[in-house]
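Written out below as C-alpha cells is the structure these notes cover.
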Amino acid sequence: SNTPVKVAVTGAAGQIGYSLLFRIASGALLGPETPVALQLLEVTPALKALEGVVMELDDCAFPLLHSVEIGDDAEKMFDGANAALLVGAMPRKEGMDRSDLLSANGKIFTGQGAALNKVAADDIKILVTGNPANTNALIAKENAPDIPAERFNALTRLDHNRAKAMLAKKLEVSVSEIKDLAIWGNHDDSMYPDLYNTKVGDNIAADLVDEAWIKDEYIPTVATRGGAIIKARGASSAASAASATIDHMHDWLLGSDEIVSMSVPSDGSYGVPEGIISSFPCRVKDGKYEIVQGLELNEFSKERILASAKRLQDERAAVEKLGLI
Ligand code: NAX
C-alpha cells in the first residue's frame, strides 16, 4: 500500500542512528514498496546534530522516504507510530556501577513506555536496542499497560549474527548454510549460543567442532565481541548493531523462513521464568512470533540458559527495588 509506515527512532543522532536511518529510508526495513515516515526522538542538546543528519537524509533523495520529523518530546515523536526502535540510552560512564546505569536508563524507559502507551498506533511493535536492552524493554513494557506484552522485544540479533558469522568462518562455509542457530538469555556476557541444535547442511554444528572449542573459545568470543570491536575501532559497534536492529524488526514485520533469535517476554518455555524479557529461538510469520517449542536441550545448555535468565531476574529485582516497575 502507499500509506507510509510510521517508524519512530530514539537516539537518532547517535552512532547507531547514523547508520540505521539511512538503511530504513532506503527500504531495508519495510521492503522496496513501502514508504516510511520517520519520527526521530533525541534529547534537546542533540537536536542540532540531528538536523544535520536530516539534511543528509534529504540529500540522498530516497524515493521511499515520505517525511522526517524530529523533536525532544516522546509523546509527539511516538504519535501514531507503527514501529518504535528504542536505541537511545545512557552509556555507562566512568565510575558508574550497574545500579547507577539501571537507574539512569530506567528513567528514560519509564517515560518512553508511558508515552508509547498513550499515543502509539494499535499495531505498535517496540524493539529496544539501548543497553541494558532486555531490562530496558521490561521497564518500558511495565509502564505501558495497554500495549500487549508481546509487542516489547529486545535486540539479541547482533549476538545471533555474530555467532553465525563466527561459526561459518570456523567451518569454512557460507553463513547461509547455517540454520536454526539461536542465542538464549540476556544480551550480556552470559548469553548462550546453542550449537547443539544448530544445523550446518545435514549435520549438527556441535558434531563438527570440539566441545572444548565451543566452551573455551566460541562462546566467550561471541560474548565479548562488543569489547573486541571497541578495542579495534575505538568506538562501540554501530553499523552492525544498526544492521541487526533492521534484521529483527524487518523479520518481525514481514516474517522469516528461518529461526531467529529474539528477546521476548518469557512465557515459561524451557524453564525460563516468566517476568523477564529473554532471548529465545523464534519463528515469525504474519507479524507474530512464536517461541520454537520441542527443542532438546542438553545439561550444559540448560545450565547456561538458566544462568543467563538468573542475570535477568537479578536485573528485574534491581529495577523493582528502584521503583521503576
Ligand atoms: P550513542 O551514544 O552514539 O547514541 C545514543 C544517542 O541516544 C545519543 O545521541 C543520545 O543523545 C541519545 N539519547 C540519550 N537519551 C535519550 C533519550 N532519553 N531520548 C532520546 N534519545 C536519547 O550510542 P550508540 O553507539 O548509538 O548506542 C546506542 C545504544 O545501543 C547504547 O545503549 C548501546 O549500549 C546500545 N547497543 C546495543 C547493542 C545490542 O546488541 N543490543 C549493540 C550495540 C550498542 O552497544
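Computed from a predicted model, the values in this text were never measured in an experiment.
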Spacing of [atom1] belonging to [X] relative to [atom2] belonging to [Y], to within rounding of 0.5 Å:
X: Met77; Y: Leu116; atom1: CE; atom2: CG; answer: 13.0 Å
X: Thr224; Y: Ile229; atom1: OG1; atom2: CD1; answer: 10.5 Å
X: Leu57; Y: Ser67; atom1: CG; atom2: OG; answer: 11.5 Å
X: Thr198; Y: Lys179; atom1: OG1; atom2: NZ; answer: 12.0 Å
X: Arg225; Y: Asp159; atom1: CZ; atom2: CG; answer: 11.5 Å
X: Lys285; Y: Glu290; atom1: NZ; atom2: CD; answer: 9.0 Å

Note to self: Apply side chain to side chain contact (heavy atoms under 4.5 Å, CB included) to residues Ile291 and Asp267 and explain how you reach the verdict.
What the structure shows: CA-CA 9 Å; Ile291 297 172; Asp267 60 357; 3.6 Å; yes

Linking I/L/V/M/F/W/Y whenever any side-chain heavy atoms sit under 4.5 Å apart, do [X] and [Y] land together?
X: Leu254; Y: Ile259; result: yes
X: Met191; Y: Leu306; result: no
X: Leu86; Y: Leu138; result: yes
X: Tyr192; Y: Val264; result: yes
X: Ile126; Y: Leu324; result: yes

Cut-off 3.5 Å, side chains only: do [X] and [Y] have a donor facing an acceptor?
X: Ser269; Y: Gln293; result: yes
X: Asp72; Y: Thr44; result: yes
X: Asn161; Y: Asp247; result: yes
X: Glu315; Y: Asn186; result: yes

State, to 0.1 Å, how close [X] and [Y] come at their nearest heavy-atom pair, and which atoms those are.
X: Gly268; Y: Glu274; answer: N-CG, 3.6 Å
X: Ala318; Y: Leu102; answer: CB-CD1, 3.8 Å
X: Ile277; Y: Lys141; answer: CD1-CD, 4.4 Å
X: Leu167; Y: Leu181; answer: CD2-CD1, 4.4 Å
X: Ile246; Y: Leu29; answer: O-CD1, 3.8 Å
X: Leu64; Y: Glu33; answer: CD2-C, 3.9 Å

Notebook entry, point to check: What do the steps show when you test Ser243 against Arg23 for side-chain hydrogen bond (donor to acceptor under 3.5 Å, both in side chains), and what is the final call?
Noted result: CA-CA 8 Å; Ser243 193; Arg23 294 203 51 213; 3.0 Å; yes

Okay, side chain of [X], backbone of [Y]: is any donor-acceptor separation there less than 3.5 Å?
X: Asn203; Y: Ala205; value: no
X: Gln112; Y: Ala140; value: no
X: Ser308; Y: Ile305; value: no
X: Asn117; Y: Gly113; value: no
X: Asn105; Y: Ala89; value: no
X: Asp194; Y: Tyr196; value: yes
X: Tyr218; Y: Glu211; value: no
X: Tyr270; Y: Phe280; value: no
X: Ser278; Y: Ala309; value: no
X: Asp188; Y: Ser190; value: yes

Is there a side-chain contact between [X] and [Y] (heavy atoms, below 4.5 Å)?
X: Thr135; Y: Leu312; result: yes
X: Met249; Y: Thr245; result: no
X: Ser19; Y: Gln15; result: no
X: Asn197; Y: Asp180; result: no
X: Ser263; Y: His187; result: no
X: Ile24; Y: Leu38; result: yes
X: Thr221; Y: Met166; result: yes
X: Pro4; Y: Val36; result: no

Checklist line | Cation-pi geometry met for Lys215 and Phe300 (6.0 Å, 45°) | finding: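 Pair Lys215/Phe300 counts as cation-pi.
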
Item checked: Test side-chain hydrogen bond (donor to acceptor under 3.5 Å, both in side chains) applied to Ser103 and Asp100, step by step -> CA-CA 5 Å; Ser103 142; Asp100 297 333; over 6 Å; no

In terms of side-chain geometry, is the basic nitrogen of [X] or [Y] positioned less than 4.0 Å from the acidic oxygen of its partner?
X: Arg311; Y: Asp189; value: yes
X: Arg157; Y: Asp251; value: yes
X: Lys48; Y: Glu51; value: no

Next item on the list: Quick one: do Val128 and Asn153 satisfy side chain to side chain contact (heavy atoms under 4.5 Å, CB included)? Show the steps, please.
Entry: CA-CA 6 Å; Val128 178; Asn153 284 193; over 6 Å; no

Checklist line | Evaluation steps, side-chain hydrogen bond (donor to acceptor under 3.5 Å, both in side chains), between Thr156 and Ser261 | finding: CA-CA 6 Å; Thr156 30; Ser261 305; 5.8 Å; no

[atom1]/[X]: more than 12 non-hydrogen atoms of other groups inside 6.0 Å:
X: Lys310; atom1: NZ; result: no
X: Asp257; atom1: CG; result: no
X: Asp122; atom1: CG; result: no

Next item on the list: Run the numbers on Arg304 and Ser301 for side chain to side chain contact (heavy atoms under 4.5 Å, CB included), then give the verdict.
Entry: CA-CA 5 Å; Arg304 294 298 300 248; Ser301 298; 5.9 Å; no

Notebook entry, point to check: Should Glu56 and Tyr18 be marked as a side-chain hydrogen bond (donor to acceptor under 3.5 Å, both in side chains) after you check the CA-CA gap, both sets of side-chain angles, and the distance that decides it?
Noted result: CA-CA 10 Å; Glu56 285 203 78; Tyr18 194 65; 2.7 Å; yes

Check: For Phe22 and Val53, what are the C-alpha separation, side-chain angles and deciding distance, and is it a side chain to side chain contact (heavy atoms under 4.5 Å, CB included)?
Finding: CA-CA 9 Å; Phe22 295 85; Val53 178; 4.1 Å; yes

